[in-house]
Amino acid sequence: MEFKTDFLILGSGIAGLSLAIKASTLGSVAIVTKKEKTESNTNYAQGGIAAVTDQTDSFEEHIQDTLICGGGLCKKDVVEFIVKEAPPRIQELIEWGVNFTKSETHPSLYDLGREGGHNRRRVLHAKDLTGHEIERALNEKVSHLKNVYIYENHIGIDLIIKREGSDKIGRCLGAYVLDINKNEIHTYRAKYIILCTGGAGKVYLITTNPDIATGDGLAMAYRAGAQIANMEFIQFHPTCLYHPSAKAFLISEAVRGEGGILKLKNGSTFMEKYHSMKSLAPRDIVAKAIDTEIKKSGDEYVLLDITHRERDFLINRFPNIYNKCLEYGIDITSDPIPIVPAAHYICGGVLVDHYGNTSIDNLFACGEVSCTGLHGANRLASNSLLEAVVYSHRIYTEISRHYETMKQSDAFIAPWDPSGTTESDDSVVVTHNWDEIRSCMWNYVGIVRSNKRLERAARRIDLIQKEIDEYYWNFQVTKDLIELRNITTVAKMIVNSAFLRKESRGLHYNIDYPDTCNEFKKDTILVKE
Ligand code: SIN
């Protein structure tokens, strides 16, 4: 079946929903989302959204903190406009019903949190459930819009690109989408296609990301021939709960912002050896320090200690973390929290210009799936939700400019052809390769890399990729197979980008090139041949 819409938005996090609200004033919107509409990386964001809202803060300081964190690779003009365009976007979120936590001492003001790399308190939050609150409010808003259709339990397979004559780049006409419950593949044709699919934490064995984070948009864009930038910069969050039966659970950086101190199992502190900001140093430094200390001591984890703060304060400020830890027998008001670093965020992504345009016509990218130039080699905490709302507004502005004259393409699109494929009777191939990719990336392409480790990873991923390709063309497409194909594609992109960067910078640390080198002060760009 072929569906026609003006806007096809893949993903229902803050980027997808905020864009849908605006795009619906122009035309019809279809949102394709893999699970329920609330399930997204946004939903799990604890810390909040960084923005200059306090009179004693300044754009200049937020810009500086972002640039310092970014290790020389941020695009300064992008950093400047994102930081400066933050206040109206925050106001809009508030008007859409997002309840940010108010200050207890000055109830007319918002409470501002602090996180690593920020020189002051600047992070608007809804206790420690900010993403959840944003998703609630935006979904509520979208539910009242008549021309927004949400397709839950649907997953994009591939983008549909039309290339004519010598036109190498092409134009995006839509996407093939699998209805997971009905096991049917449909064509979605649209004037504009916007990737808002989030990140790819599931490429790694240990991650703070939910199961949906399999890099679907990144892989689709790469296969379609879009430019992809800076995939070597994987941000490992320093503090993920360590517990044998806990599925990765984030302990927000805001805990360190409120005074949490990193300690070894024997109770001694160590961050003073690595940075003057100690436990509140930028994430790349904290994660690498923890990794070094864990390897040195042989311990499985280090501790995050906030027991010196008042019990009532902790329960009120971090209700989610308090309750979750309690489920595992850890009372954060009296016990230090065992933590390890975990894959958290991809600073690279589909390369976009100042208005979210990718290198393919009519294809936009917004949020974690994109690479705007804001994060450079290391993202400043809580800058990502901000990037998503500023860019969704910019994409809307860009599209509004040409909307009246933009015609829906009536070019022929061949329906999905399942002929020659059969139902797989060997799903263990998918499970096995899934586990292998994730362990391989964790062991060889983690916080500390080397040429030998990257080569090892590349060899293994190549083998798995061949096996998946064979499997893909012979068996009916399922969600699991699509996701495995996508994490493998993303894993290969990360390894290839890491090979190209023969230096250490920000989140990319290679022991064979331990220094930063001016020659590599540029983006790493990949394009599929
Ligand atoms: C956190 O709460 O530590 C996550 C915030 C972020 O990743 O920006």
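Residue numbers start at 1 and run along the sequence shown. Predicted model, so just to flag it, every value in this text is computed and none were measured. Atoms considered below: every heavy atom in the structure, side chains included; atoms not considered: hydrogens, waters and symmetry mates. In each ligand, atom 1 is the first atom listed, and ligand 1 is the first ligand listed.
Between the side chains of Q235 and D284, not a single donor N or O lies within less than 3.5 Å of an accepting N or O. Counting only N and O atoms by type, the side chains of S108 and H106 include no donor and acceptor under 3.5 Å apart. No donor-acceptor contact under 3.5 angstrom links the side chains of N320 and H132, judged on distance only.
Looking at N383 next to ligand 1, no N or O pair under 3.5 Å apart turns up. Any N or O atom pair closer than 3.5 Å counts here, and S252 shares at least one such pair with ligand 1.
Shown in contact with E253 at under 4.0 Å from a heavy atom are these atoms of ligand 1, numbered in order with element: 1 (C), 2 (O), 3 (O). Atom numbering of ligand 1 starts at 1 in the shown order; those under 4.0 Å from a heavy atom of A381 are 8 (O). Interface of E115 with ligand 1, defined as ligand atoms under 4.0 Å from a residue heavy atom, comprises 5 (C). Counting atoms of ligand 1 from 1 in the listed order, those under 4.0 Å from a heavy atom of S382 are 6 (C), 8 (O). If you number the atoms of ligand 1 from 1 as listed, the ones under 4.0 Å from a heavy atom of H344 come out as 4 (C), 6 (C), 7 (O). Within ligand 1, counting atoms from 1 as listed, the ones closer than 4.0 Å to a heavy atom of H237 are 1 (C), 3 (O), 4 (C). Near G47, meaning under 4.0 Å from one of its heavy atoms, ligand 1 places the atoms 1 (C), 2 (O).
Taking a cutoff of 4.0 Å between a charged side-chain nitrogen and a carboxylate oxygen, D54 and R122 do not qualify as a salt bridge.
The heavy atom nearest to atom 5 (C) of ligand 1, out of those in R256, R283, Q46, is found in R283.
Between T66 and the options L380, V78, N378, a side-chain contact (heavy atoms from CB on, under 4.5 Å) holds for only L380.
Relative to the ring axis of Y345, R283 does not place its NZ or CZ within 45° and under 6.0 Å from the centre.
Aromatic ring centres of F520 and Y513: separated by at least 6.0 Å.
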